[in-house]
Amino acid sequence: MAKIPHRLILTEDQMPKQWYNLRADMKEKPDPLRNPATGEPVKKEDLYPIFCEELAAQEMDNDTPYFDIPEEVLDIYKMYRPSPLNRAYDLERYLGTPAHIYFKYEGNNTSGSHKLNSAVPQAYYAKKQGLKGLTTETGAGQWGTALAEACAFFGLPLTVYMVKGSYQQKPYRREIIRTFGADIVASPSDTTAVGRSILAKDPDTTGSLGCAISEAIEKATTSDGVRYVLGSVLNQVLLHQSIIGLECEEAMKIIGEYPDIGIGCAGGGANLGGLIAPFMRDKLRGERDPYFIAVEPASCPSMTRGRYAYDFCDTGKVTPLARMYTLGSGFIPSANHAGGLRYHGMSPVISKLYHDGYLNEARSYEQTKVFEAAVLFAKVETILPAPESAHAIRCAIDEALRCKETGEEKVILFGLTGTGYFDMAAYSSFHDGTMTDYIPTDADLQPGFDSLPKVPGVQE
Ligand SMILES: *Cc1c(COP(=O)(O)O)cnc(C)c1O
């Protein structure tokens, strides 16, 4: 058989024309979003003040397996997709493993990550509905950048609430977002009631994703013709990100491979859900049995140490309740945490699949271990990974080393979600030896669990 190429890129014609909705193949669906006051499941119409209508429909659709990708969205996808599926030959050689290691690289676009895959359709549907603008939050800045790019393309005004800590640490991220014409506000800010109340309690806070979400939602719901969009966690985002996995499936068919192990880093669960979507479909249908691993930071361990419970999606408690693995909506990772993936909760779809055992394992790593893997990967594979992506690299390396012990020639697929160019401050703290591994104690986590809302009529 011909040698498998280092880097396989599908042609435009081979690119998937539809997204795949995992929920359609789940026998037990994720629990519905609920109204915090009444405990009633949220209806599609309840979401219209927050989301545009097509996205609200995608959010609520547990049954339709495939959604056509609009032509306009496909045209933009084609400017930076299909993304390459790489065989990590040099990493395999370095490790001396019989495993075949593959990674799907999503860092080859200006936003530097997979987030553009969902930013484009979200901006497109908003434009199509005739909206006047969008708001969003951004943590590390990748989502804000991706959405600013997409909104610039469609001529839609955008306000980005950027977690204050990142705003201060990442001036160049800020400048890219401004280059694409978005307004950018350090959160918490005095531009919203919720921001002002958070600042009144803690004037020196460096902010959190949950808090930036509250501000962005308030801004959207109090401005005419403006809606809020989110770059992860939601069902609609997992749907859009399925393009990653569908391309992998197509490419792997061509080379005659199928993943035994699928690995993704997990912040809100979007890239992981997208990467594994078609392979999870095969598993849900009983046709294949790949092993799936979600990887998270030990300093923000929502799946490995969180509760599976109804919780708010934001700190300001303005969102509906979602049933998910969560550390409590007030959770803020320690200030020295540099590796991203800092959201307190997890996608309800990923949470349900994990709870029911289809997603086999969640694993957490300390950040110095993650950066060791990042540096090794950069040296042998020549790509500088985002710290988030390096969580998946760490896990792939460990799995490949396990194969070395057992002599198994397993096929390992992981998501390399982005480039590390904008995270050099984190790399410098690693190189300088000032990076520390803070793992929250049970006592640190307890207040978050104590703050979980009681939902009328729902037994956990
Ligand atoms: C946002 C981001 C992640 C984590 O988000 P998910 O929703 O869990 O996919 C991972 N890697 C990069 C590069 C990101 O920008």
Side-chain angles (χ1 to χ4, degrees), residues 83 103-119 122 136-149 160 162-163 166 170 173 176-177 209 212-213 229-245 262-277 292-297 300-303 313 324-325 333 337-351 353-354 359 362 364-365 370 374 377 383-395 414-423 426-427:
S83 72
F103 61 91
K104 181 77 166 158
Y105 185 42
E106 292 290 319
N108 278 330
N109 66 75
T110 296
S111 78
S113 80
H114 65 285
K115 299 232 172 41
L116 195 54
N117 301 334
S118 186
Q122 294 203 50
T136 197
E137 80 296 330
T138 196
Q142 285 98 329
W143 170 245
T145 310
L147 191 66
E149 268 187 79
V160 179
M162 185 166 185
V163 175
S166 301
K170 297 188 164 189
R173 265 287 169 205
I176 309 179
I177 295 174
L209 261 185
I213 295 174
V229 292
L230 181 61
S232 186
V233 186
L234 299 172
N235 302 337
Q236 56 190 273
V237 181
L238 262 74
L239 175 72
H240 306 149
Q241 293 297 356
S242 68
I243 187 81
I244 304 173
I263 301 170
C265 62
N271 86 82
L272 171 68
L275 177 78
I276 67 176
F292 297 117
I293 310 174
V295 192
E296 62 183 15
C300 190
S302 56
M303 292 180 84
C313 303
M324 58 185 175
Y325 282 88
H337 170 68
L341 309 172
R342 43 178 71 236
Y343 186 62
H344 67 272
M346 183 52 57
S347 140
V349 173
I350 292 293
S351 293
L353 290 168
Y354 179 50
L359 202 168
S364 72
Y365 285 108
V370 168
F377 187 81
I383 296 175
L384 179 80
E388 292 90 342
S389 321
H391 288 77
I393 297 173
R394 171 83 261 169
C395 179
F414 73 89
L416 189 70
T417 49
T419 169
Y421 290 141
F422 298 101
D423 299 286
Y427 273 91

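We use all heavy atoms of the structure for the numbers below, so side chains are in, but hydrogens, waters and symmetry mates are not. In listed order, ligands and their atoms are each counted from 1.
Between A212 and V163 the shortest heavy-atom distance is CB-CG2, 4.3 Å.
Looking at heavy atoms from C-beta onward, I393 lies in side-chain contact with P385 at the 4.5 angstrom threshold.
Under the rule for a side-chain hydrogen bond (donor to acceptor under 3.5 Å, both in side chains), E149 has no partner lying at least two apart in sequence or in another chain. Residues satisfying the side chain to side chain contact (heavy atoms under 4.5 Å, CB included) criterion with A338, sequence neighbours excluded, are Q367, A426, M435.
Using modelled atom types and a 3.5 Å distance limit, the side chains of S113 and T417 yield no donor-acceptor pair.
Ligand 1 lies under 4.0 Å from heavy atoms of S113, H114, K115, Q142, S232, C265, A266, G267, G268, G269, A270, N271, L341, A386, E388, T417, G418.
Under the side chain to side chain donor-acceptor pair (under 3.5 Å) criterion, no residue pair touches residues 340-349, with sequence neighbours excluded.
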